Amino acid sequence: MREVIKTVGLTKMYNGFPALDELTLTIGPDVCVGFIGPNGAGKTTTIKILTSLIRSTAGKAYVEGFDIRESPKAALMNVGSVVETPEFYPYLTPIETLDYLGRLRGMGEEYVRDRSKRVLEQVHMEEWATTRIGKFSKGMKQRLGIAQALLHEPTVLILDEPTSGLDPRGMIEVREIIKDLKKEKRTIFMSSHLLYEAQEVCDWVAMVDKGRLIFFDKVENISKLTGAKKLEIRLVEPITEEQLDTIKNFEGVAEVSLVHPEIVNLRFGGNDQDRAKMLAEMIAKGAMVVSFQSVGMELEDLYMDMIGSS
Amino acid sequence: MVEKTTIPSGADQYVTITRYELLGHLRKKRIWVIFIVLFLIFFFVLLLFPAAGVDYPSTFEGYSQIYLGFMSVLILLCATLFGSDALVGEFQQRTGFVLFPNPVKRLTIFLGKFSASMIASVIVISVYYGLIVLFIGGMYKTVTIELAYSLLLAVLYLSAALGVAYAISAIMKGIIGSTVLTFILFLFVLPMVGMALGMAEVDPWFLVTQSGDTVTYVMEPEYQAGKFCIQQARQTICFYVPELATSAATMAGYFIASSILAFLFFRRREMVG
């Protein structure tokens, strides 16, 4: 398997404190990996090392097989990145900024012009193309950051909280862009503190805490690990003792809690067929069910389990 | 359709960086501040003599020396406004988060930035020399070759001052600190050290501000290096006119040493925070 991003024993110390503690991680081609963890876990530090913004204290980091410290030029050639909330030269316009960065990457005049137009459309910034960036809001700069990361059609995208600073519509649009990029066979490594974002957008999840990798697996495998799902049942009328007993005695049910006379929360280990059966039994007992649905996310559960125990 | 791009040469990247940095200098308000100061100085000196009812100096060299006495101020302004935030700004204003993850060496970035600062500064001082040629040369119907030597020395002094400004910019954490330190160093600290050494009768040939004075001294019809003392009340105040070759070497030394220092700090500096 081609190793697109690889870290081996990556360590970064700040004044004797390990921001990153022997992180070893290998990411293959054409996958989207969500990089999650609490504040100060080492997410941004890892991304900064991978983009040559800081140097590791020990260990190695490779992008497309190139050591980021020994061959930064080759390693960064096919990488597009957004790190923290990017700032741009206020005296340049987006078109000029993209021309500047495109030329640094060896893009020809016509190519950089065509791509600039395309990426500005992608992030809905085309009408601001010739306005000086000094007047831009944080969200606009974040969009431009994403545009410059996509400019040279990189095979690897390294994104540090790409939806940070965006309004809800902007967040949805950026997620859609990332989903589209996944279809174009690119490797995407994105940090996020939004767990639902990582679960919705990514194929894999890497979780770090205290500078160490504590979990790395496919998103689809998370539900197998977390086991029970959270369910919420809403009724028209207050639940009866008999109906509550039906839920409690159903196989695979754990932690039943009555949050309101008409709302019951529970953890349920069964599959979809078991859920359908439980719903049928409740209705048979005279319960007038308004909704019967999963709440919360498996990743959230896993996160709380892993971070809580680490 | 993905068009293949190849890693551009360092030279191509250098040209791109210089071009856009220069564009930045030309678009910022500060260059107009320098030009306003420049024109104020020029026309103040031009109008001073008739306003005071005093005759103009008898020679082109003599009048030019009065103008060139302000060159150190212009060079200080150029070094401060074009150099002192060039490196630290990438870190404090966080533009480095966009620039540094590109496949470009820090040396190329450094050289591109320095060249742009140098070009912008040379434009400024060339305008000043151009005004001297136009107005003073026109007034006396002559322009001497010494003015060209003065321009060369001014460019050398400028490169030394910019080197020092870049070194400060590479080391300091904030733009304000870097700007203030550069300004104070050239306006007060180095001249005061030079003055104190002069009073102690020590030749301050190693001070870049002392070497920079040759920009004016070179206009003397017969350049004479050495120690000159004036008796004032009970005190003897001495000043030193440096050798041209020594001054040129000192300024070149400052330029080389401070530029290397600036680059080494810039290369090692990380985008933390």
Side-chain angles (χ1 to χ4, degrees), chain A residues 12 14 19 44-45 47-55 66 68 71-92 96-97 99-108 110-112 114-115 132-134 141 144-145 148-149 152-155 158 160 184, chain B residues 1-32 82 85-86 89-109 111-113 116 120 175 266-273:
Chain A
K12 178 68 181 176
Y14 285 118
T44 299
T45 302
I47 282 177
K48 281 182 178 176
I49 292 172
L50 287 170
T51 50
S52 194
L53 288 166
I54 59 173
R55 290 177 298 278
F66 295 102
I68 195 76
S71 315
K73 234 176 148 174
L76 294 170
M77 191 57 203
N78 287 308
V79 175
S81 61
V82 180
V83 187
E84 299 206 350
T85 302
E87 285 293 339
F88 298 89
Y89 299 117
Y91 50 82
L92 295 181
E96 289 166 342
T97 301
D99 181 69
Y100 183 14
L101 298 173
R103 282 167 189 272
L104 286 182
R105 290 184 169 278
M107 295 168 74
E110 203 176 322
Y111 180 38
V112 79
D114 291 347
R115 281 296 300 160
R132 289 202 191 166
I133 298 166
K141 287 176 189 168
L144 184 57
Q148 64 81 29
H152 54 292
E153 300 184 84
T155 54
I158 299 176
D160 184 20
E184 293 174 15
Chain B
M1 180 72 185
V2 177
E3 181 181 305
K4 291 287 173 199
T5 56
T6 50
I7 301 177
S9 70
D12 289 340
Q13 291 177 322
Y14 160 76
V15 171
T16 302
I17 293 167
T18 305
R19 195 180 129 207
Y20 274 100
E21 285 287 326
L22 187 58
L23 182 65
H25 290 311
L26 298 177
R27 282 189 180 171
K28 287 175 191 167
K29 286 177 187 151
R30 58 184 69 169
I31 195 164
W32 303 114
F82 296 137
D85 69 342
E90 293 290 344
F91 299 91
Q92 197 189 359
Q93 294 176 331
R94 302 159 69 85
T95 45
F97 280 121
V98 174
L99 182 62
F100 298 150
N102 286 288
V104 52
K105 288 182 177 172
R106 287 271 175 110
L107 178 63
T108 312
I109 296 172
L111 291 175
K113 280 177 171 286
I175 293 169
F266 178 56
R267 191 179 65 172
R268 283 208 58 78
R269 195 159 175 177
E270 298 187 326
M271 248 350 262
V272 290

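What's counted below: heavy atoms across the whole structure, side chains too, no hydrogens, waters or symmetry copies. Just so it is clear, the structure is predicted and the values come from calculations on it, not from any experiment. Chain letters run A, B, ... following the sequence lines, proteins first, then strands; residues in each count from 1.
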Worked verdict on A:Lys73 versus B:Val104 for side chain to side chain contact (heavy atoms under 4.5 Å, CB included): CA-CA 6 Å; A:Lys73 234 176 148 174; B:Val104 52; 5.7 Å; no

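B:Arg27 places no side-chain N or O within donor-acceptor distance of the main-chain N or O of A:Pro90, the cut-off being under 3.5 Å. Put simply, the side chain of A:Glu87 never gets that close to the backbone of B:Phe97: no donor and acceptor are under 3.5 Å apart. With hydrogens and angles disregarded, a donor-acceptor distance shorter than 3.5 Å links the side chain of A:Lys48 to the backbone of B:Met271.
The greatest number of non-hydrogen atom pairs below 4.5 Å with chain B, out of A:Leu50, A:Asp99, A:Asp160, is found for A:Asp99. Of the listed residues B:Arg268, B:Gln93, B:Lys28, the one with more heavy-atom pairs under 4.5 angstrom with chain A than any other is B:Arg268. Among the candidates B:Pro103, B:Pro101, B:Gly24, the residue making the largest number of heavy-atom pairs closer than 4.5 Å to chain A is B:Pro103. Per-residue heavy-atom pair counts under 4.5 Å with chain B were compared for A:Val82, A:Leu53, A:Val83, A:Thr45, and the maximum is reached by A:Leu53.
For A:Phe66, there are no ring-ring contact (aromatic ring centres under 6.0 Å, His included) partners two or more places apart in sequence or in a different chain. In this structure A:Tyr89 satisfies the ring-ring contact (aromatic ring centres under 6.0 Å, His included) test together with A:Tyr91, sequence neighbours excluded.
Both the backbone and the side chain of B:Asn102 come within less than 4.5 Å of a heavy atom of chain A. Looking at A:Lys141, neither its backbone nor its side chain comes within 4.5 Å of chain B, counting heavy atoms on both sides. When heavy atoms are compared at a cutoff of 4.5 Å, B:Gln13 approaches chain A by way of both its backbone and its side chain. Heavy atoms of B:Arg19 lying under 4.5 Å from chain A belong exclusively to its side chain.
Taking CZ of A:Arg105 as the reference point, atom CD1 of B:Ile7 lies at 10.0 Å (rounded to 0.5 Å). Interatomic distance, OH of A:Tyr100 versus OG1 of B:Thr16, reported as 8.0 Å (0.5 Å rounding).
Two residues are said to be in side-chain contact when any heavy atoms from C-beta on lie closer than 4.5 Å; B:Tyr20 and A:Leu92 meet this criterion. Side-chain contact between B:Thr108 and A:Leu104 is absent, with no heavy-atom pair separated by less than 4.5 Å.
Few gaps surround CD on A:Glu184; more than 12 heavy atoms of other groups in view lie less than 6.0 Å from it.
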